[in-house]
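This report concerns only the one structure given below.
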Amino acid sequence: MILAAIPIALILFVIVFHILTYFHRRKYSHIPSIPIPASPKWIIGHGPFIVQKAKLLGFDLTAIVESFRADLSADTIVIFSPGIKSPMIYSVREPFYSKILSDHKTFLKPPPALDYVNGVRILGPKGILLEKGSEVWYHKRRTMDPAFHKKFLRILMDKMNEKASKVSNYLDSLPDKKNIDILPILERTALEVIWSCGFNETDDIITTEDSPINQAVADIFRVGAMKIFNFTFWIPGTFKAEKKLLFEKAEYLRGLMTERLQDRFDSITAGTDTTNDILSYIIRANQFSDKLTIQDVVDDFFVFLIAGMETTAITMSTLLWYMLKDKEMARRLVDEVNVAFGDKEELEFDDLNDLVYLEQCIKEVLRLHAPSRISFRISPDKPVTVDEIVLPPQSRILVSIEAIHHTESIWPEADKFDPSRFDPGKDIRPFTYMPFNAGPRVCIGKHFAMMEAKIVLARLLRDLTLFDPYPEEKKLEIHTLLLARPKKGVFVGIVE
Ligand code: HEM
């Protein structure tokens, strides 16, 4: 009896599923979509199409979606997920996505992916980067913004100079200088910069190859990416070894942060703290509610480490790769840096304005290979119309920074590295250049990152003569997981 009921229940389930899917998809029938709403493959959705394209296009998300968009010759498309799961609205129509990104009250961020794994707090839900965009986010952002104003950054000059000098000396002290992968070294540098400038901590990360702090961040990035790209990761009992590592590393980092935070937290609450760093602002930003626990503040602490480290390191390393391929660019950069230093040992804050060509090159690297390639938003519970497109409730909107940066009508010869796109006086239209995203949720650390990249790169170019150990390598291969990064690292040689 029961056995006979199983196939009937299954058939009923499939019928109901098809009907629900059909009505769900009808809501989006006014927008070109993959697959078209009448597709017989409602259940598996566009799975087979995606797999076919993905294989052809090397599993590059932007390339896959762009290729679908080109097939449909539309600037806005819907990508259906199987069943009634919210589809994704993908658009490269500027008046559409610019409105979405500008309105933080209507279009919130989706639930964070790495807050918890099987109930264990990893990044946690409260960090400003992951906050969905409610009043809590707005309050935090307003309180933290001053920590990134010019006046505050000026104070960080000494510390950044110290770290730039430290990494330069470290590179010079390496026994074998012919073939150095500079990416992990600059990752440790960026981590020590944020650890020291942001949180006043003194641990050595740059010269400690197996620094436990760096290892923990790297492992969390690596295993975190598995969670995002493997549908089965969330099921308890799967990926046992990886989860064990993730839990250990998150526990280690959160424990360390909690310990370092406790004293500061107490003295700030008592009004006796005189330290003025990013962490002080993070704590102040979290004081609006007495319901918040120290672990909520650790979430923010954590988010700053994650957001500020790899992105900046990837940018600096990628610039060195391009520089080593182009002798004229290298000569211009070295000349400019030498003039800015003059006979001074260290750069001063105002000298950074003179590094005009270096800034152009950093901007072009961030256009060509934006480390953070996509951004998601969710539409509200009721239908809204944006730039004449009606969005059904709870639509997921995918904004591809990568696609916008490679649109030929905005950036002619988009695949070419050309820093003259950012020549002084050239106008860049808002929402066409967004390595730090755009609108109210633009990266809070963008000036910090530019400043750090300029100081570290200028110091390396002044102190060291670099050469290209692989002149035959003509293309930089990029691999995208959580961030887009050079696949095989970035190798440099140093002339003895
Ligand atoms: C080249 C370096 C960097 C790049 C390319 C970059 C890129 C981005 C992007 C694209 C976003 C928006 C993310 C989204 O929409 O989901 C973002 C947000 C953020 N970034 Fe950065 N970032 C960089 C450096 C930094 C640094 C150095 C810090 C900290 C010192 C930082 C802290 C943050 C924070 C806290 C947010 C969240 C802001 C908010 O939602 O209000 N970033 N960044």
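First listed ligand is number 1; within each ligand, the first listed atom is number 1. It should be emphasised that the depicted structure is a prediction, and the values quoted were computed from it without experimental measurement.
Checking side-chain atoms of Ser91 against main-chain N and O of Arg93 turns up a donor-acceptor pair under 3.5 Å. Distance alone, capped at 3.5 Å, is enough to place a donor-acceptor pair between the Lys227 side chain and the Ala113 backbone. Although no hydrogens or angles enter the test, the distance criterion places a donor-acceptor pair under 3.5 Å between the side chain of Ser379 and the main chain of Pro392.
Summary of contacts: the protein heavy atom closest to atom 26 (C) of ligand 1 is Gly308 CA, 3.4 Å. If you check which protein heavy atom lies closest to atom 38 (C) of ligand 1, you get Arg141 NH1, 3.5 Å. Of all protein heavy atoms, the one lying nearest to atom 29 (C) of ligand 1 is Phe304 CD2, 3.8 Å. The protein atom (non-hydrogen) at minimum distance from atom 37 (C) of ligand 1 is Leu129 CD1, 3.4 Å. Scanning the protein for heavy atoms near atom 22 (N) of ligand 1, the closest one is Cys443 SG, 3.1 Å. Ranking protein heavy atoms by distance to atom 1 (C) of ligand 1, first place goes to Thr315 OG1, 3.4 Å. Of the protein's non-hydrogen atoms, the one nearest atom 35 (C) of ligand 1 is Ile444 CG2, 3.5 Å. In this structure, atom 7 (C) of ligand 1 lies nearest to the protein heavy atom Pro435 O, 3.5 Å.
Taking a 4.0 Å cut-off on heavy atoms, Lys109 registers as neighbouring ligand 1. For Phe376, the heavy-atom gap to ligand 1 stays at 4.0 angstrom or more.
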Working for ring-ring contact (aromatic ring centres under 6.0 Å, His included), residues Tyr281 and Phe152: CA-CA 11 Å; Tyr281 282 86; Phe152 192 85; 5.4 Å; yes

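Note: an N/O pair closer than 3.5 Å links Trp137 and ligand 1 by distance alone. Ligand 1 has no nitrogen or oxygen under 3.5 angstrom from a nitrogen or oxygen of Thr312.
Ring centroids of Phe68 and Tyr90 are separated by 6.0 Å or more, keeping the two rings apart.
Note: Trp411 and His405 have perpendicular aromatic rings, judged against thresholds of 30 and 60 degrees for the angle between ring planes. Between Phe431 and Tyr97, the two ring planes are perpendicular [angle over 60°; tilted spans 30° to 60°].
Looking at Asp299 and Lys126, no side-chain N of the basic residue comes within less than 4.0 Å of a carboxylate O on the acidic one, giving no salt bridge.
Counting only non-hydrogen atoms, the option in Ala370, Ala307, Ser372 that gets closest to atom 32 (C) of ligand 1 is Ala307. The heavy atom nearest to atom 11 (C) of ligand 1, considering only Phe436, Phe448, Tyr138, is found in Phe436. Ranked by closest heavy atom to atom 23 (C) of ligand 1, the top entry among Val442, Val365, Thr311, Ile194 is Thr311.
Atom numbering of ligand 1 starts at 1 in the shown order; those under 4.0 Å from a heavy atom of Phe148 are 30 (C). Counting atoms of ligand 1 from 1 in the listed order, those under 4.0 Å from a heavy atom of Ile128 are 35 (C), 40 (O), 41 (O).
The 12-atom threshold is exceeded at NZ of Lys426, counting heavy atoms of other residues, nucleotides or ligands nearer than 6.0 Å. The environment of Tyr138 atom OH is sparse: at most 12 non-hydrogen atoms of other residues, nucleotides or ligands sit within 6.0 angstrom.
Note that the CD1 atom of Ile89 and the CD1 atom of Ile79 stand 9.0 Å from one another [nearest 0.5 Å].
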